[in-house]
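Just so we're on the same page: letters track the sequence lines, and every chain starts at 1. What you are looking at is a predicted structure, and each value in this text was computed from that prediction instead of being measured. Hydrogens, waters and symmetry mates play no part in the numbers below; they use all other heavy atoms, side chains included.
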Number of protein chains: 2
Amino acid sequence: MQGYDKHAYELFAVTVDLAVLTVREGALHVLLVERGQQPYAGRWALPGGFLLPDESAETAARRELAEETGLGDVTGLHLGQLRTYSEPGRDPRMRVVSVAFTALLPDAPEPRGGGDAAQARWLPYDAAPPLAFDHGLILADARERVGAQLEHTCAATAFCPAAFTLGELQQVYEAVWGSTLDRANFRRKVLATPGFVEPAAGAARLTGGRGKPAALYRAGGATTLHPPLLRPSREGRSA
Amino acid sequence: MQGYDKHAYELFAVTVDLAVLTVREGALHVLLVERGQQPYAGRWALPGGFLLPDESAETAARRELAEETGLGDVTGLHLGQLRTYSEPGRDPRMRVVSVAFTALLPDAPEPRGGGDAAQARWLPYDAAPPLAFDHGLILADARERVGAQLEHTCAATAFCPAAFTLGELQQVYEAVWGSTLDRANFRRKVLATPGFVEPAAGAARLTGGRGKPAALYRAGGATTLHPPLLRPSREGRSA
DNA sequence: CCTCTTTATAGTCGTGGTGACTATTAAAAG
DNA sequence: CTTTTAATAGTCACCACGACTATAAAGAGG
């Protein structure tokens, strides 16, 4: 920051890009928009947009999230800064520095393709088409980051509605990690972590399930997981 | 990123800020520069500078690091992106978006106060003066991030010279975490993690120590720690 | 109605990582 | 030669966790 007056300095366009994730029917989904203009017209991309003159990146991300999802209430939504992408040439038109965010959504209201995009849709992560710009890299980074967050924080509940079963919570882990977990051990671990989940007042499960009805829980007050809930198999050793 | 042509967009000055950390005599130190100009003239700040037109933030950070430390060789140095700070008003003069990095240095060559800064110095983290801008916040975030990295990665060796003793490696953990560790248990854990450290060819320790000479090790090929090396006491529970 | 299937819940057992220890060894300092 | 300091080696108990088995409570199908 020193040398402010001595050096010439360039100005840059600054954008935010959002990796908006949800779990739908046991599969990780990501919110994508179809570009209506060049470059990459017709390609899918992460939602996002330019920073306004008096906005922080976090504020801009929250505004864009509200615009793209059509949700009025984006306060309290789980939003986290991922990383800033600044390679020259990542946008063919001009220099653009982009601050990327991850957003974790509990349910999947179909987005209205608002504003500039041709359309906006939830697409399965594993069946996502090639993305515009470096958004494929951003999306992969986002999944890795969220996967690590699940190990050490209680962020998994951000994917779940207000009341949820332990089976639904386990599906979040399995969808993000791409691996299966032992149901009984998962249950033991979650319930043994104080403040992770709390029993919900009204007892049994949502209607229409097949097996024994599951108890409902809601997110507890804790934010960190001690000890962590490590994903299996990253390479041989595990605790 | 859509809506590029429809919307007016602002341009921003973009800088990088560096939290350059080292461990010196068992204490965490940070590289600070004394500002020579307004605003915050005479205050200490993190080193950093403006992004050049054809640089990525990583490239700029590495260039600034070389300039500030006077080290010719900054390739292979442990540099990690921390977070981007974009609050309006964080610089009183104008809108500045800053990408912050952490840098882990093995030894502490006294920096030459190069270029614009009045002087550059290593200062103990715990005795750091109030910093200019939001650099105090950035520095605190950096310590927390590095502390978490030590738990899950082999980054601690980045603080150590090419050959080091397990006692020195332990001092890194204790300096960053601000807590003491059991020597025998630390030793057992490090040696049981394949690829963390390897015995160095030339046997015994550096000259002039007091107790039994320690074996020398060098950094191994591993980057991640499975299972992690959790810091004690974050709140009651621990593994 | 009875059985099969499905899912939730409960419990058991063995292993391994770890915290808290106690020796023992090898150097310098007094 | 003794004391001090630090490195190294080893022990022991606890507990978290992976891998299991058993039971309970619902729907589906004949």
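Contact between the side-chain N/O atoms of Lys189(B) and the OP1/OP2 oxygens of dT18(C) is found at a separation under 4.0 Å.
To the nearest angstrom, P of dT9(C) lies 6 Å from CG of Leu166(A). Remark: C1' of dT8(D) and CZ of Arg187(B) are 5 Å apart, rounded to the nearest angstrom. Spacing between atom CG of Asn185(A) and atom P of dA8(C) amounts to 15 Å, rounded to whole angstrom units. Going from atom CG of Leu191(B) over to atom C1' of dA9(D) covers 12 Å, rounded to whole Å. Atom-to-atom, NE2 of His226(B) to P of dG16(C) comes out at 19 Å; the value is rounded to the nearest Å.
With sequence neighbours excluded, no residue satisfies ring-ring contact (aromatic ring centres under 6.0 Å, His included) with Tyr217(B). Phe186(B) is linked by a ring-ring contact (aromatic ring centres under 6.0 Å, His included) to Tyr173(B), counting only residues two or more places apart in sequence or in another chain. Not a single ring-ring contact (aromatic ring centres under 6.0 Å, His included) links Trp122(B) to another residue, sequence neighbours left out. For the side-chain hydrogen bond (donor to acceptor under 3.5 Å, both in side chains) test, residues two or more places apart in sequence or in another chain that qualify with Glu174(A) are Gln170(A). Remark: Arg121(A) pairs with no residue by the salt bridge (charged side-chain N to carboxylate O under 4.0 Å, His left out) rule, at least two apart or across chains. Listed by chain and number, the residues in a salt bridge (charged side-chain N to carboxylate O under 4.0 Å, His left out) with Arg188(A) amount to none (sequence neighbours excluded).
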Below 3.5 Å is the cut-off: list the nitrogen or oxygen pairs between protein and nucleotides 28-30 of chain D, distance only.
none

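Bending across the helix from dC1(C)-dG30(D) to dG30(C)-dC1(D), expressed as the angle between its end axes from five pairs apiece, amounts to 0° (10° rounding).
Arg183(B) contributes a side-chain N or O that forms a donor-acceptor pair with the base of dA7(D) under 3.5 Å. For Arg188(B) against dG10(D), a side-chain-to-base donor-acceptor contact under 3.5 Å is absent.
Residue pairs meeting the ring pair (Phe, Tyr, Trp, His ring centres under 6.0 Å) criterion with at least one member in residues 145-165 of chain B, sequence neighbours excluded: His152(A)-His152(B).
Ala158(A) and His78(A) get closest at one heavy-atom pair: CB-CB, 3.6 Å.
For Ala184(A), counting side-chain heavy atoms from C-beta on, the closest listed nucleotide (dG11(C), dA26(D), dA26(C)) is dG11(C).
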